[in-house]
Amino acid sequence: MPQANRSTISVGTWAVFTLCSFVWITSHALVGQTCTVHAGAASPDLTFDNDFTQNGPGQPTPDGQTQEPANIAGWTGGDSTYSIYLPMTGETAFFFSDSYIGQAPPQTGDGTAYTDANGLRTRAINCDTSFGCFPPANLYRAHNTIVVRNAFGTVERTITGPVVGGYSTSYFVPPDAASTGHFYWVGDPFLVTMAGGPKVLLPLMEFDFFLNYYGAAIAQLSVPTLRIDSVTPIINDPAGDPVHWGISTMVQTAFGGPTLYVYGIEDQVPFPPFTFIRYRVPHVARVDLRLGLAGITNMNNWQVFNLSSGWVSNNVLASSPIIGAAGDPNNAGDSIGEGFTVSHIRSAVGSTYLLVSEDTNPNTTLTVDFLPGPPNGPGPVFESTAKDIIIYSSCTPQGPFSPKQVVYSTPETQATTVPGMAAGQTLYGHLWTYNPVAHPQFNLSGGLLVSYNVNSDDSGDLIYADAYRPKFIRVPILGLLPAF
């Protein structure tokens, strides 16, 4: 992608990439400025949709390109879908959580997808009723992977962990995973540079099979190889902290120098024990990047934002939601997705901090269905009907944010078919969508690239490759300029 001229700010052993053309706006200058972007209705981005419709190594995409090399394992599906531009090569690295991988050559029950004459993409069953899968399914084997897309969009190479028993595994693994079964899901990467060159820093969130949360870490990766240099746990997160930090990150200027803003999500359950009713609200913290990796992973160095007190030091539990709180002037009661991004963009209204997510207010995005047979029934199943991708604008990283604006409604939500199914053929369950995130390095012709993930509420549908994958849209924003 074409990039604006760059300079670097020295920060001891670290530096952060900035743009020469960037002009900081003081708080006084923000008085009276709405910073609300002029956004229109989004539409699918078929280029990126095709690029991430992969069947496996050496197989063509729907538009006829063969992007994954034939001789190495290749990604065929995943979620999260964060990305970062790699300045040394012009590539972009896409970071996925739970991922399907097609082996080279294909292995029985791997993630390889096969397209029939009608366009239906399926995977071979690798878990049947004898192993507890009702109905039979194809289950992924990697909890995280990286896909590196070259600057021209013509080659995608997949980075995974070691091949075990013929199948690729997770690239990032907790040190005690062999004994605990814990795994990492990825957060939002950001770029710094050290004396030896640029590094990607990637938040990782640790979970178990039952989705209990065990804290976070930050992986340091070399550029351009994305070799893992280290994984450093985030320490001194106090007991009772309800926020999963690292969902979104952003490097800006505060403390007189480069500052990392770390966003997190809190699940609120207003009517215990009915955990299916959840309000999800975002929080933000910040830390001086000049402290280095050891400093930014120590939460004693963090400041959190409190709606009443402003930035608070030495008390992570003082954090309050930046959207959805009772005192929110524009968005009290709002609930967003478990995934979101905050990006600093420039458009016709000037400088804006743009939060992209999904409207998940449980009052309007939950429904009840009754599905036959195990594992879901008989009995009620609470399903997500969330479909609206939303944006919020602000003049500062912490808000206040403008009222939400719906820019797209995902057509897959509650669907019971995928492309290529024959008449009368349906899924076992329903599709749902989640985790919209922005990719501002691909700002083009006034349009912001946003991805979201498609999944099914029945694991039997995972034999269909189009039931678990990212999709891409382009959001038109008046006067949108290339990313900072």
Side-chain angles (χ1 to χ4, degrees), residues 1-3 44-107 110-116 119-123 138 140-142 144-161 163 167-168 171 186 189 200 221 223-226 418-420 437 439 441-444 447 449-454 464-474:
M1 289 290 295
Q3 296 293 310
D45 189 297
L46 298 182
T47 296
F48 280 86
D49 273 353
N50 285 330
D51 286 354
F52 288 90
T53 304
Q54 296 289 345
N55 282 357
Q59 299 302 307
T61 60
D63 58 356
Q65 293 194 75
T66 302
Q67 294 166 302
E68 292 190 333
N71 59 341
I72 61 172
W75 175 100
T76 66
D79 66 359
S80 291
T81 324
Y82 291 103
S83 73
I84 192 165
Y85 173 75
L86 304 177
M88 292 180 66
T89 62
E91 298 171 312
T92 289
F94 287 83
F95 293 81
F96 294 94
S97 293
D98 297 337
S99 302
Y100 284 96
I101 305 298
Q103 301 302 136
Q107 301 292 307
D110 69 358
T112 300
Y114 302 89
T115 303
D116 70 11
L120 181 64
R121 301 169 63 230
T122 58
R123 300 185 177 98
N138 183 297
Y140 50 79
R141 290 179 167 87
N144 52 73
T145 58
I146 307 172
V147 174
V148 181
R149 181 182 188 268
N150 74 355
F152 308 102
T154 56
V155 176
E156 294 179 3
R157 59 183 173 91
T158 300
I159 301 174
T160 70
V163 174
Y167 302 96
S168 298
Y171 191 50
V186 300
V200 170
L221 311 178
V223 177
T225 63
L226 300 181
V418 293
V437 299
H439 306 274
Q441 71 270 39
F442 294 108
N443 286 357
L444 181 68
L449 185 69
V450 171
S451 63
Y452 64 93
N453 301 130
V454 177
Y464 302 110
D466 286 317
Y468 183 69
R469 58 162 301 166
K471 297 296 291 289
F472 292 84
I473 59 173
R474 188 73 66 168

Problem - Identified side chain to side chain donor-acceptor pair (under 3.5 Å) partner of Arg123 from the options Asn138, Thr112, Thr76 - result: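 That would be Thr76.
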Problem - Residue from Arg121, Gln59, Arg469, Gln67 passing side chain to side chain donor-acceptor pair (under 3.5 Å) with Gln54 - result: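 With Gln54 as partner, Arg121, Gln59, Arg469, Gln67 yield a single side chain to side chain donor-acceptor pair (under 3.5 Å), made by Gln67.
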Between [Y] and [X], is there a side-chain heavy-atom distance shorter than 4.5 Å?
X	Y	answer
Leu449	Leu444	no
Asn144	Phe95	no
Tyr468	Asp79	yes
Ile84	Gln441	no
Val147	Thr158	yes
Phe52	Phe96	yes
Val418	Leu120	yes
Val200	Val223	yes

Exercise for the section: Please say which of Pro470, Ser80, Ser83 ends up in a side-chain contact (heavy atoms from CB on, under 4.5 Å) with Phe94. Expected result: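 Result for side-chain contact (heavy atoms from CB on, under 4.5 Å) with Phe94: Ser83.
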For the backbone of [Y] and the side chain of [X], can you confirm whether one donor and one acceptor N or O come within less than 3.5 Å of each other?
X	Y	result
Glu68	Trp75	yes
Ser99	Ser97	yes
Asp49	Lys471	no
Asp45	Arg474	no

Handout entry: Check against side-chain hydrogen bond (donor to acceptor under 3.5 Å, both in side chains), Asn150 and Thr154
Key = CA-CA 6 Å; Asn150 74 355; Thr154 56; 2.8 Å; yes
Practice task
Begin from the C-alpha positions of Asp51 and Glu156 and carry the test side chain to side chain contact (heavy atoms under 4.5 Å, CB included) through to its verdict.
Solution key: CA-CA 8 Å; Asp51 286 354; Glu156 294 179 3; 3.4 Å; yes
Exercise for the section: Using the six-membered ring of Phe48, assess whether NZ or CZ of Arg149 lies under 6.0 Å from its centre and within 45 degrees of the ring axis. Expected result: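 Yes, a cation-pi geometry holds between Arg149 and Phe48.
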Exercise for the section: Go through the steps to decide whether Asp116 and Thr122 satisfy the test side-chain hydrogen bond (donor to acceptor under 3.5 Å, both in side chains), and finish with yes or no. Expected result: CA-CA 8 Å; Asp116 70 11; Thr122 58; over 6 Å; no
